[in-house]
Asker: 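Pasting in a structure now, in structure tokens, and then I'll have a few things to ask.
Note that these values count all heavy atoms, side chains included, but never hydrogens, waters or copies made by symmetry. Numbers here are sequence positions counted from 1. Everything numeric in this text was worked out from a predicted model, so none of it was measured.
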Amino acid sequence: MKKWMEIVPLLAAVGMTAEIAAAPVEQRFEAENVLANPEVLLRNKLQKGSWNLWSTDVDAAKKWSGGIVLQGNVITKDAAPGTTVPVLKFRIPVAQEGRYDLTAQIFRTVGISQDGGKTWTKRIGPGTIFSNRALKAGEVIELQISGDTLDPKGPGAPYVDYFTLLPAAASKAVQNTDVRNGGFENSPAGKEPANWSLWTREKGSATATVTTDAHSGKQGARIVSTGTRDWAFNNRASFPVKAGDMFELTAWVKNHAKDKPNAQLQVVSYKDGKVVNYAMAAAPLAKADGEWREFKLNFTVPAGVEKISVRAIGEGVCDLSLDDFSLVSRGNRAGAPEKVVLPGADFEKDTVGRQPKSWVNWARDGVKFSAEVIDAAAQGQRAVRLRSTG
């Protein structure tokens with residue numbers, strides 16, 4: 001299978017390098033293709049102390065990119081990097097100069113180091129490794145992954161599937177979707193975050209301050225509420241939109257309290273300078289715990305909305321850290337391709353043992369060929385079996 005990363009040298013070979021330089025594109029790197037120490041892998045063999053280059057999983061092509069994944073050992077307790085299985089060392093090439101985000105498709109929990117193993121951070125599931133980093137053409141991103149961390153949901157093996165290098169200009173969308181001070185780096189620690197405002201129904205019942213506890217960079221924000229009523233932490237930027245515009249709102253959240261927070265990420269909609277809906281879209285933060293977790297909210301702008309803004313809201317006692325707010329444009333639904341329905345493609349209305357009604361058989365002379373509906377299917381109740389001789 002052709003890997004996405006192979007497209008860049010292919011285009012260069014046919015004389016399209018000038019266009020590439022002008023318009024960087026998203027690049028996907030299968031984990032096994034950018035692994036610098038492949039000797040730590042066994043192929044389709046799960047063995048203590050080794051990673052498994054696994055391609056024989058049931059429905060592998062549906063579960064893993066390219067049908068292949070790197071599988072670690074089952075982790076029952078936290079250990080130092082390299083204790084259970086060797087540390088994976090990746091070298092990800094940069095084709096063009098620019099600012100990029102790097103994301104990883106990872107399942108369960110791993111440790112990640114970006115400084116050669118000196119320091120490690122915990123990565124729970126898929127998400128962003130770094131954001132808006134300036135990279136040069138020919139530069140190599142060095143990344144290490146440790147499979148020695150117990151997942152919050154319990155024992156299990158970690159999986160590393162692929163990495164995506166996304167131009168930051170695309171991931172941050174257009175200029176009018178900049179969540180001002182979304183990383184809280186533009187204010188001194190201990191002060192209220194610039195470009196944000198805190199509203200409370202009970203006067204003095206909550207505070208919002210900049211802290212040095214951060215998901216990335218040096219600073220984040222912390223909301224502490226001691227009251228029983230609601231509060232809202234509003235970003236002061238508002239973004240012009242039109243019906244059908246699609247967005248993804250992302251924020252990283254950590255819960256310092258014992259109880260689950262009664263809080264949400266929200267998108268507020270406006271028209272003619274007035275609020276249309278305070279919660280046009282919302283994502284609960286009840287799953288926030290003592291580790292930094294990424295929360296995402298995908299939404300489409302309805303008719304009758306001219307602007308939107310983002311915020312976090314809550315009610316009652318809570319103690320939350322917030323960082324790395326971003327609002328990413330996903331285009332407009334009007335420009336999205338329509339889904340093409342292929343009649344009879346699932347064979348569900350066909351009779352077992354007979355030829356599918358919506359399909360016609362053809363074969364060259366001398367070839368015996370048949371198509372028969374069967375009741376063993378990957379999805380649904382029906383599939384088709386093809387037989388050929390000659």
Asker: Look at atom OH of Tyr278 and say whether more than 12 heavy atoms of other residues, nucleotides or ligands are closer to it than 6.0 Å.
Answerer: no

Asker: Does a side chain donor of either Ser216 or Asp324 reach within less than 3.5 Å of an acceptor in the other side chain?
Answerer: yes

Asker: Do Gln219 and Thr211 get their side chains close enough for a donor-acceptor pair, meaning under 3.5 Å?
Answerer: no

Asker: Okay, side chain of Asn235, backbone of Val310: is any donor-acceptor separation there less than 3.5 Å?
Answerer: no

Asker: Just by distance, with hydrogens left out, do Asp245 and Ser329 show a side-chain donor and acceptor under 3.5 Å apart?
Answerer: no

Asker: Quickly, which of Arg387, Arg354, Arg385 forms a side-chain hydrogen bond (donor to acceptor under 3.5 Å, both in side chains) with Glu372? Name it, please.
Answerer: Arg387

Asker: Do Thr109 and Arg123 have side-chain atoms, one donor and one acceptor, less than 3.5 Å apart?
Answerer: no

Asker: Say whether Gln105 and Arg28, considering side chains only, have a donor N or O and an acceptor N or O under 3.5 Å apart.
Answerer: no

Asker: Assess Arg382 against Phe347: is NZ or CZ under 6.0 Å from the centre of the six-membered ring, and within 45 degrees of the ring's axis?
Answerer: no

Asker: Less than 6.0 Å separating the ring centroids of Phe163 and Phe90?
Answerer: yes

Asker: Does a donor on one side chain sit under 3.5 Å from an acceptor on the other, for Asp115 and Ser113?
Answerer: yes

Asker: Is there a donor-acceptor pair closer than 3.5 Å between any side-chain N or O of Asn73 and the backbone N or O of Ser50?
Answerer: yes

Asker: So, the side chain of Asp272 versus the backbone of Lys274: is there a donor-acceptor pair under 3.5 Å, distance only?
Answerer: no

Asker: Would you say the side-chain atoms of Trp54 and Thr56 include a donor-acceptor pair closer than 3.5 Å?
Answerer: yes

Asker: Any chance the rings of Trp51 and Tyr159 have centres within less than 6.0 Å?
Answerer: no

Asker: Using side-chain heavy atoms (C-beta onward) and a distance below 4.5 Å, is Ile141 in contact with Phe130?
Answerer: yes

Asker: Is atom NZ of Lys242 surrounded by more than 12 heavy atoms (other residues, nucleotides or ligands) closer than 6.0 Å?
Answerer: no

Asker: Answer yes or no: does atom CD of Gln355 have more than 12 heavy-atom neighbours from other residues, nucleotides or ligands under 6.0 Å?
Answerer: yes

Asker: Taking the side chain as every heavy atom from C-beta outward, state whether Ser309 and Tyr270 have any atom pair closer than 4.5 Å.
Answerer: yes

Asker: Within the distance-only criterion (no hydrogens, no angle test), does the side chain of Asp346 pair as donor or acceptor with the backbone N or O of Glu348 below 3.5 angstrom?
Answerer: yes

Asker: Do the two ring centres, one from Phe184 and one from Trp196, sit under 6.0 Å apart?
Answerer: yes

Asker: I'd like to know whether CG of Asp259 has more than 12 heavy-atom contacts from other residues, nucleotides or ligands below 6.0 angstrom.
Answerer: no

Asker: Distance alone, cut at 3.5 Å: any donor-acceptor contact between the side chains of Thr164 and Gln27?
Answerer: no

Asker: For the pair His215 and Trp252, name the ring-plane relationship: parallel under 30°, tilted 30 to 60°, perpendicular over 60°.
Answerer: parallel

Asker: How about Thr84 and Asp148: does a side-chain donor come under 3.5 Å of a side-chain acceptor?
Answerer: yes

Asker: What do you reckon, is NZ of Lys62 surrounded by more than 12 foreign heavy atoms closer than 6.0 Å?
Answerer: yes

